[in-house]
Protein chains: 2
Amino acid sequence: MVKSSAPSRERIVAGAADMISRRGLSATSIREMAKHAKAPLGSTYHYFPEGKQQLATEAVRFTGEWVARSLRKELEAGPAAGLRAFLALWRKIVVESDFHAGCPVLAVAIEEPPADEIPPALAAAAEVFEQWEDLLAASLRARGAGAEQAAQLATLIVAAVEGTVAMCRAKRSTEPLDRTAEQLQALIAAAIRD
Amino acid sequence: MVKSSAPSRERIVAGAADMISRRGLSATSIREMAKHAKAPLGSTYHYFPEGKQQLATEAVRFTGEWVARSLRKELEAGPAAGLRAFLALWRKIVVESDFHAGCPVLAVAIEEPPADEIPPALAAAAEVFEQWEDLLAASLRARGAGAEQAAQLATLIVAAVEGTVAMCRAKRSTEPLDRTAEQLQALIAAAIRD
DNA sequence: GGTAGACTATGACGGTTGTTATAGCCAGAG
DNA sequence: CTCTGGCTATAACAACCGTCATAGTCTACC
């Protein structure tokens, strides 16, 4: 009966997310993901019968939910605190990886889909962005920001942080993150002051 | 004597930039780049003896200079006009490619470098971001913005636009670009009003 | 004890990757 | 005409890719 396959499956997903955040999706092979998670190659196709696409999709959703959890918790103290947590989270990833890792959701988002259909991993990336935006926007509205303004600012925050993380990796410096943080913080302060 | 190799070499670089902006660096093979530019595979190694890295580096610099040219020109009319042009430029790429293309500089920036050295293409990406930021910051300062504020805002603009373009691709919608545009425009207006 | 089913081990498949080598073409210079 | 040098054509190289199939192991329940 479903003893539920130990943490093996989850280890693969988490490892895949980390790997994709460094190398991008297409540069990450299933063999490497398996090895990185100390799982046999056969297991990946056992747990993810649809292959690489499914694994990528779950990796995206995994980080999406992981970030959303942190966001939800910190946003209880208001949008400014949420922003701080959001920024700190990505700064940690960038710094601790010595500027090698970034956001796996972004990495998947910029992979070219086949001309005719939308791969599930790309759709998942879109949903994750949307979720993060919604969390931020709701928190802004709860502090008195108008609906339009809240939506725009939430999109700006997610986009800016994603872009900034990439810039930090290229420059091998956290300075872009410092600058973006300053601007975004001021923006939130102004938006909820009404 | 240096008849200068026709536009063949440049066609390869431009094609490589387009291709990288869609698929990312590692998913773009030299063979495909050659075919896309209607050049023989042998020619790519003739023009770019250092191989893929060199081609990627030149592709990054190529788009960097191309965008910078547009930016420089439109910034003569002030930061607001420059921002409008910057946004319009990326919107065009995203829309005309049916959400398949993005920014090749970002694509190169998020490729993991080997642990010990910095690949030239990544360094080029950092320089390109820096150049765009400098252009915007100088224009902001020329309109009365403080040095610190100008630098922060310039970084935010570049990062936000890069991130927004990726979000548009994932969502297959230009709405994120509309929202970011609105926010960024308001920000510039406030910054140069002093 | 036996049996079902979850997991692993192994190996193969056709194809593509970056790169190099070699030989050939073909315009322009002497 | 010869000859040089920029460019191309073709083939090969070892390594890797995603995926699949098969046989084996191990554990949990009857």
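Proteins get letters first, then strands, A, B, ... in listed order; numbering begins at 1 in each.
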Enquirer: State which of dT17(C), dG11(C), dG18(D) makes the closest approach to the side chain of Glu32(B).
Expert: dT17(C)

Enquirer: Between dA9(D) atom P and Tyr45(B) atom OH, what is the distance in whole Å?
Expert: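 Rounding to the nearest Å, OH of Tyr45(B) and P of dA9(D) are 17 Å apart.
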
Enquirer: When Ile, Leu, Val, Met, Phe, Trp and Tyr are grouped by side-chain heavy atoms lying under 4.5 Å apart, directly or through other members, which residues fall in the same group as Ile118(B)?
Expert: Leu122(B)

Enquirer: Atom pairs, N/O to N/O, protein against nucleotides 23-26 of chain D, distance under 3.5 Å?
Expert:
none

Enquirer: Base, sugar-phosphate or nothing for Thr44(B)? Non-hydrogen atoms, less than 4.0 Å.
Expert: nothing

Enquirer: Nearest of dA9(D), dC7(D), dT19(C) to any side-chain atom of His46(B)?
Expert: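 The listed nucleotide nearest to His46(B)'s side chain is dC7(D).
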
Enquirer: Rounded off to whole Å, could you give me the CD1-to-C1' distance for the Ile30(A) and dG18(D) pair?
Expert: 6 Å

Enquirer: List the protein contact pattern of nucleotides 21-26 of chain C with one symbol per nucleotide (5' to 3'): B for base contact, S for sugar-phosphate-only contact, - for none; contact means a heavy-atom distance under 4.0 Å.
Expert: ------

Enquirer: Keeping the roles fixed (side chain from Arg72(A), backbone from Leu135(A)), state whether a donor-acceptor pair exists under 3.5 Å.
Expert: no

Enquirer: Are Arg23(A) and Glu32(A) ion-paired here, with the side-chain N under 4.0 Å from a carboxylate O?
Expert: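 The answer is yes: the pair qualifies as a salt bridge.
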
Enquirer: So what does Thr28(A) touch, heavy atoms closer than 4.0 Å: a base, only the sugar-phosphate, or nothing?
Expert: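 Sugar-phosphate: the residue Thr28(A), judged by heavy atoms under 4.0 Å, touches backbone atoms but no base.
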
Enquirer: Tell me which residues in residues 50-60 of chain A put a heavy atom below 4.0 Å from DNA chain D, sorted by number, or none.
Expert: Gly51(A), Lys52(A)

Enquirer: Is any NZ, NE, NH1 or NH2 atom of the basic residue among Glu127(A) and Lys171(B) found under 4.0 Å from an Asp or Glu carboxylate oxygen of the other?
Expert: no

Enquirer: Write down the atom of Pro79(A), the atom of Arg143(A), and the distance for their closest heavy-atom approach.
Expert: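 Closest pair (atom of Pro79(A), atom of Arg143(A), distance): CD-CG, 3.6 Å.
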
Enquirer: From the list dC7(D), dT8(C), dG18(D), which nucleotide is the closest neighbour of the side chain of Tyr47(B)?
Expert: dC7(D)

Enquirer: So, using salt bridge (charged side-chain N to carboxylate O under 4.0 Å, His left out) as the criterion, who are the partners of Arg141(B) when residues are at least two apart?
Expert: none

Enquirer: Could you check whether atom CD of Glu148(A) has more than 12 heavy atoms from other residues, nucleotides or ligands sitting under 6.0 Å from it?
Expert: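 No.
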
Enquirer: With respect to the side chain of Leu41(A), which nucleotide from dG11(C), dT19(C), dG18(D) is positioned closest?
Expert: dG11(C)

Enquirer: Would you compute the distance between atom CG of Leu140(A) and atom CD1 of Ile188(A) and round it to the nearest 0.5 angstrom?
Expert: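 Rounded to the nearest 0.5 Å, the CG-CD1 separation comes out at 5.5 Å.
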
Enquirer: Between the side chain of Ser43(A) and the main-chain N/O of Ala39(A), is any donor-acceptor distance below 3.5 Å?
Expert: no

Enquirer: With a 3.5 Å distance limit and no angle check, can you tell me whether Arg179(A) reaches the backbone of Thr155(B) through a side-chain donor-acceptor pair?
Expert: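 Absent.
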
Enquirer: Heavy-atom nearest nucleotide on DNA chain C for Arg31(A) versus Ser43(A): which residue maps closer to 5'?
Expert: Ser43(A)

Enquirer: Does anything in residues 105-114 of chain A reach DNA chain C, meaning a heavy atom under 4.0 Å, and if so which residues?
Expert: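 Under 4.0 Å from DNA chain C: no residue of residues 105-114 of chain A.
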
Enquirer: Looking at Arg69(A) and Glu74(A), does any basic side-chain N land under 4.0 Å from a carboxylate oxygen?
Expert: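 No, no charged N to carboxylate O under 4.0 Å.
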
Enquirer: Verify the contact: side-chain N or O of Ser29(A) to OP1 or OP2 of dC17(D), cut-off strictly under 4.0 Å; return yes or no.
Expert: yes

Enquirer: Between Lys35(B) and Leu41(B) (side chain of the first, backbone of the second, donor and acceptor by atom type, cut-off under 3.5 Å), is there such a pair?
Expert: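 Answer holds: no.
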
Enquirer: Please confirm whether the backbone N or O of His100(B) pairs with a side-chain atom of Arg22(B), one donor and one acceptor, at under 3.5 Å?
Expert: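 The answer is no, because no donor-acceptor pair under 3.5 Å joins these two groups.
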
Enquirer: Starting from C1' on dA9(D), measure out to NZ on Lys35(B) and report it in whole angstrom.
Expert: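 Value for this atom pair: 14 Å.
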
Enquirer: I'd like to know if the side chain of Thr180(B) reaches the main chain of Leu177(B), judged simply by a donor and an acceptor atom lying under 3.5 Å from each other, with no hydrogens or angles considered.
Expert: no

